Peer 1: 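The structure that follows is given in the form of structure tokens.
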There are 4 protein chains.
Amino acid sequence: MKQARPLPHYLVQRYQGWRATAFNENRSWYRRLAEGGQHPRAMVIACCDSRVHVTSIFGADTGEFFIHRNIANLVPPYLPDGQQHGTSAAVEYAVNALKVAHLVIVGHTGCGGVAGCHAMCSGHAPELEEKTSFVGRWMDILRPGYQRVSELPEADQVAELERQAVLISLENLMTFPFIRENVEAGNLSLHGVIHDIAEGTLLEYSPETDSFALVG
Amino acid sequence: MKQARPLPHYLVQRYQGWRATAFNENRSWYRRLAEGGQHPRAMVIACCDSRVHVTSIFGADTGEFFIHRNIANLVPPYLPDGQQHGTSAAVEYAVNALKVAHLVIVGHTGCGGVAGCHAMCSGHAPELEEKTSFVGRWMDILRPGYQRVSELPEADQVAELERQAVLISLENLMTFPFIRENVEAGNLSLHGVIHDIAEGTLLEYSPETDSFALVG
Amino acid sequence: MKQARPLPHYLVQRYQGWRATAFNENRSWYRRLAEGGQHPRAMVIACCDSRVHVTSIFGADTGEFFIHRNIANLVPPYLPDGQQHGTSAAVEYAVNALKVAHLVIVGHTGCGGVAGCHAMCSGHAPELEEKTSFVGRWMDILRPGYQRVSELPEADQVAELERQAVLISLENLMTFPFIRENVEAGNLSLHGVIHDIAEGTLLEYSPETDSFALVG
Amino acid sequence: MKQARPLPHYLVQRYQGWRATAFNENRSWYRRLAEGGQHPRAMVIACCDSRVHVTSIFGADTGEFFIHRNIANLVPPYLPDGQQHGTSAAVEYAVNALKVAHLVIVGHTGCGGVAGCHAMCSGHAPELEEKTSFVGRWMDILRPGYQRVSELPEADQVAELERQAVLISLENLMTFPFIRENVEAGNLSLHGVIHDIAEGTLLEYSPETDSFALVG
């Protein structure tokens with residue numbers, strides 16, 4: 001693999017700082033985590049977006065959260081067709097192998113993937129409709145959400161589609177037999193939140209009101 | 001979506017602590033990130049494993065790294081077949097839309113996904129060979145790596161397969177035309193590292209020696 | 001400009017070393033910074049003193065901090081009189097053009113400029129009172145600080161004046177209308193720290209206690 | 001000063017990393033620098049631009065360079081009018097108090113200040129002509145440079161004006177009596193370079209050819 005290059009110096013410097021402080025103070029815990037394996041209490045599915053730091057927001061210590069991050073925090077429907085489904089694999093491992101107790105979908109405001117999906121579905125981004133567009137095909141998962149928001153005033157559609165990215169993922173999770181069984185048996189609980197980046201707030205979906213409301 | 005539950009109290013409490021401290025100290029930066037959008041300098045692909053905190057190790061502030069996390073930090077080969085490829089979508093968005101300068105694959109010791117792949121390929125995990133096993137099908141990406149390690153002493157095979165998970169992902173990245181073009185034009189550099197959880201160290205792949213060596 | 005001389009050899013040698021290592025490792029990032037322009041998250045105002053390396057202390061990568069350095073890290077009051085005000089120009093550019101989120105004044109122990117100001121104001125450096133003394137006239141910015149420390153025990157006055165160099169600069173920043181507006185709107189936050197060179201520590205001003213205390 | 005806020009966490013974290021590594025390894029040198037004062041060998045005048053890391057490029061150890069950074073690395077002409085001239089104060093202190101042997105002006109490609117000056121002088125930025133524009137008034141220093149480039153093909157003017165920002169600063173330095181005396185006595189040498197950000201190169205002014213050429 002001849003194209004690999006050395007890490008830039010500032011990353012090496014920061015790693016050395018981390019090692020001399022956070023790692024060093026916590027060395028016995030890292031040792032134990034290495035020997036005993038991970039026992040995370042929750043799985044978090046969040047967006048790749050650089051502004052969404054779920055480990056900070058949830059004060060996560062090393063070992064607490066099994067974290068999958070993809071574009072727009074999407075979960076596709078259950079489809080055991082022998083193809084590669086990275087998100088489904090992560091969910092399967094978290095629930096069946098690690099037996100996490102919580103599964104949290106974390107959406108966020110200002111999501112580029114959701115905005116792209118809205119542009120595509122409303123006919124403003126034909127390039128995303130191409131078969132070769134990985135982003136476009138990935139955002140197909142959210143297409144049913146566009147149907148639900150397309151009657152709203154235009155100004156509200158993208159924000160509502162961000163909420164649908166959470167809700168449709170939760171709905172799709174319930175199509176996995178092992179998720180449904182564990183949820184129904186009380187072994188697993190599902191949660192859907194939106195992180196508002198500008199305001200630093202969390203909004204949580206509540207089935208009672210069928211809406212998202214501020215947490216805390 | 002009637003199964004969604006309120007967040008557990010300890011997560012709400014931590015979020016409130018984060019909001020009162022880290023967010024509050026950094027409020028103006030979050031505001032700007034929300035308004036101006038993200039400009040991350042690097043994409044990091046790491047494992048979902050709860051013990052791999054790349055934001056800590058690399059002292060990342062909000063907005064610095066576009067992070068994709070999947071089982072075993074794998075990148076599949078370029079395959080524009082119109083199917084859903086979440087990892088390829090994340091890579092496409094990072095390189096083509098965000099124009100990141102660095103793409104870092106972070107592997108780690110004690111990877112459950114890699115161990116499963118080794119068990120599967122060596123005939124000890126027939127359940128992973130099932131068409132319905134999402135983890136098994138996902139780990140197929142690493143199957144060519146098993147061929148490369150199967151002649152080694154048994155005790156070394158899994159650790160070497162962890163390194164192959166980084167190398168094969170780097171090799172697969174180079175099969176994406178837009179990656180190859182940007183790498184060759186000097187707009188993008190690729191990096192492969194392994195995080196040793198027990199030792200708190202980073203090892204970096206160097207094409208000169210065709211091996212991983214301690215950073216720093 | 002006939003007096004210009006070639007760089008001394010040791011600087012050429014180091015530049016070549018930098019180019020072969022740090023630049024080379026980070027070439028794609030530099031390319032992107034050159035093409036996309038800078039998006040620094042913070043402005044730092046520090047002293048010219050050769051012992052104050054804010055980029056090291058804060059692990060800064062290229063592109064992160066917009067840095068103004070002058071004698072004694074001073075900001076003059078807002079004075080739009082059509083004269084040349086280099087510090088005010090730097091602040092204006094950072095806040096209005098670059099829209100930085102943080103503005104950090106970094107003072108330090110053993111500041112020669114502050115010591116000179118103390119000598120001048122206490123009558124021990126008449127040469128600094130001359131109209132032709134650029135250092136003297138520049139340190140006039142800190143004269144109000146001398147009033148505040150002149151009642152303290154003599155042994156404490158210089159160290160306290162170093163703190164005043166940070167505080168008066170912060171106060172002066174608030175006299176710029178565009179700073180005040182952005183601070184009040186939550187788009188900009190101000191910070192004042194002192195770097196203790198011998199101890200390698202940072203002390204941070206807190207308005208709650210109206211004093212500087214160790215960070216971390 | 002009630003608006004001051006705590007440093008954002010990621011900066012505290014990085015500072016702690018720096019303290020545990022770079023400071024700790026170098027503790028005796030910092031101690032000595034604190035007790036013995038600084039003895040820098042050179043003064044560097046560079047732009048505030050976040051992409052210009054002169055300490056990295058010149059491999060500077062703590063204590064080596066007295067660094068002044070302002071918009072567009074400008075030095076105004078000698079003007080001892082009793083007003084505040086921060087750049088002149090820094091130059092005076094470096095030459096008369098610290099007796100540096102070298103004074104290096106470091107310009108750079110893609111300078112926002114120079115581009116603004118070009119826009120202003122060519123009539124495209126009337127807001128910079130306002131008396132209240134600190135950036136505009138500061139860039140007045142470079143106005144004579146615009147006269148020299150205004151006959152060139154338009155596409156070359158800004159890059160040539162970046163070079164003039166270095167040359168005019170060197171010329172202005174020679175209007176300071178204490179600079180001229182030290183240069184003529186062989187106690188001080190002046191240097192002018194341009195840092196090309198995209199290419200990672202340095203170009204140096206040579207009076208023999210009256211042009212800038214690649215260093216090294």
Side-chain angles (χ1 to χ4, degrees), chain C residues 1-5 7 11-12 14-16 18-19 23 31 33-34 38 40 48 50-51 53 57-59 62-63 65-71 76 80 82 84-90 92-93 110 131-132 134-135 137-138 167 170-171 183 189-192 197-198 200 202 205 207 215-216, chain D residues 1-5 7 11-12 14-16 18-19 23 31 33-34 38 40 48 50-51 53 57-59 62-63 65-71 76 80 82 84-90 92-93 110 131-132 134-135 137-138 167 170-171 183 189-192 197-198 200 202 205 207 215-216:
Chain C
M1 210 291 129
K2 67 185 200 305
Q3 290 86 359
R5 293 279 164 277
L7 282 179
L11 289 184
V12 173
R14 290 189 193 169
Y15 148 66
Q16 289 169 333
W18 168 82
R19 190 167 149 71
F23 173 74
R31 178 76 57 90
L33 280 173
Q38 58 177 334
C48 301
S50 62
R51 299 166 297 178
H53 269 207
I57 294 172
F58 289 138
T62 314
F65 296 142
F66 186 79
I67 302 178
H68 174 58
R69 293 178 68 172
N70 65 32
I71 301 264
Q84 285 157 3
H85 298 286
T87 298
S88 303
E92 182 184 86
Y93 192 78
K131 184 179 173 190
T132 53
F134 292 115
V135 171
R137 300 297 59 70
W138 179 248
L167 289 176
L170 289 170
E171 291 165 14
V183 167
S189 60
L190 307 183
H191 311 269
I197 290 171
L202 277 186
Y205 177 74
V215 166
Chain D
M1 211 289 129
K2 67 184 202 303
Q3 290 85 0
R5 303 187 63 72
L7 282 180
L11 290 183
V12 172
R14 291 188 193 168
Y15 147 66
Q16 289 169 334
W18 169 82
R19 187 167 151 69
F23 173 74
R31 182 70 54 89
L33 279 174
Q38 60 175 332
C48 300
S50 63
R51 300 167 297 179
H53 270 206
I57 294 171
F58 288 140
T62 314
F65 296 141
F66 186 79
I67 301 177
H68 175 58
R69 293 178 69 172
N70 65 32
I71 300 264
Q84 284 157 4
H85 297 286
T87 298
S88 303
E92 181 185 86
Y93 192 80
K131 186 179 172 189
T132 53
F134 292 115
V135 171
R137 300 297 59 71
W138 179 249
L167 290 176
L170 288 170
E171 291 165 15
V183 167
S189 61
L190 306 183
H191 311 270
I197 290 172
L202 278 185
Y205 178 74
V215 166

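No experiment lies behind these values; they were computed from the predicted model shown. Naming convention: chains lettered A, B, ... in sequence-line order (proteins, then strands); numbering from 1 in each chain.
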Peer 1: Is Arg5(C) in contact with chain D via its backbone, its side chain, both, or neither, using a 4.5 Å heavy-atom distance?
Peer 2: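 Both backbone and side chain of Arg5(C) come within 4.5 Å of chain D.
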Peer 1: Looking only at heavy atoms and a cut-off of under 4.5 Å, which of Met1(D), Gln84(D), Lys131(D) has the most pairs with chain C?
Peer 2: Met1(D)
Peer 1: From Trp18(D) CH2 over to Ile57(C) CD1, what is the distance, rounded to the nearest 0.5 angstrom?
Peer 2: 4.5 Å
Peer 1: Can you tell me if Arg51(D) uses its side chain to pair, donor with acceptor, with the backbone of Leu33(C) under 3.5 Å?
Peer 2: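 Flag set: sc Arg51(D) to bb Leu33(C) pair under 3.5 Å.
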Peer 1: Could you tell me which of Phe66(C), Tyr15(C), Phe23(C), Tyr205(C) has the largest number of non-hydrogen atom pairs under 4.5 Å with chain D?
Peer 2: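 Answer, by heavy-atom pair count under 4.5 Å with chain D: Tyr15(C).
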Peer 1: Under 4.5 Å from any heavy atom of chain C, what part of His191(D) do you find: side chain, backbone, both or neither?
Peer 2: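 When you check distances to chain C, atoms from both the backbone and side chain of His191(D) fall under 4.5 Å.
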Peer 1: Which answer fits Phe134(D), side chain, backbone, both or neither, if we ask what part of it has an atom under 4.5 Å from a heavy atom of chain C?
Peer 2: both
Peer 1: Sequence neighbours left out, what passes side-chain contact (heavy atoms from CB on, under 4.5 Å) with Arg137(C)? Give chain and number order.
Peer 2: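 Scan of Arg137(C) (side-chain contact (heavy atoms from CB on, under 4.5 Å), adjacent residues dropped) gives Met120(C), Glu129(C), Ser133(C), Asp140(C), Arg143(C).
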Peer 1: Tell me, for Thr132(C) versus chain D, whether the close heavy atoms (under 4.5 Å) come from the side chain, the backbone, both or neither.
Peer 2: both
Peer 1: At a heavy-atom distance under 4.5 Å, which candidate from His68(C), Arg31(C), His85(C) has the highest pair count against chain D?
Peer 2: His68(C)
Peer 1: Report the option among Pro207(C), Pro80(C), Gly82(C), Cys48(C) that has the most heavy-atom pairs separated by less than 4.5 Å from atoms of chain D.
Peer 2: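 Heavy-atom pair counts peak at Cys48(C).
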Peer 1: Can you check whether Gly200(D)'s main-chain N or O pairs, donor with acceptor, with Arg19(C)'s side chain at less than 3.5 Å?
Peer 2: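 Yes; judged by distance alone, with no hydrogens or angles, the pair exists.
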Peer 1: Is it the backbone or the side chain of Thr87(D) that comes under 4.5 Å from a heavy atom of chain C, or both, or neither?
Peer 2: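 Looking at Thr87(D), nothing touches chain C.
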Peer 1: Please name all residues satisfying side-chain contact (heavy atoms from CB on, under 4.5 Å) with Val12(D), sequence neighbours left out, ordered by chain then number.
Peer 2: Val215(C), Leu7(D), Gln16(D)
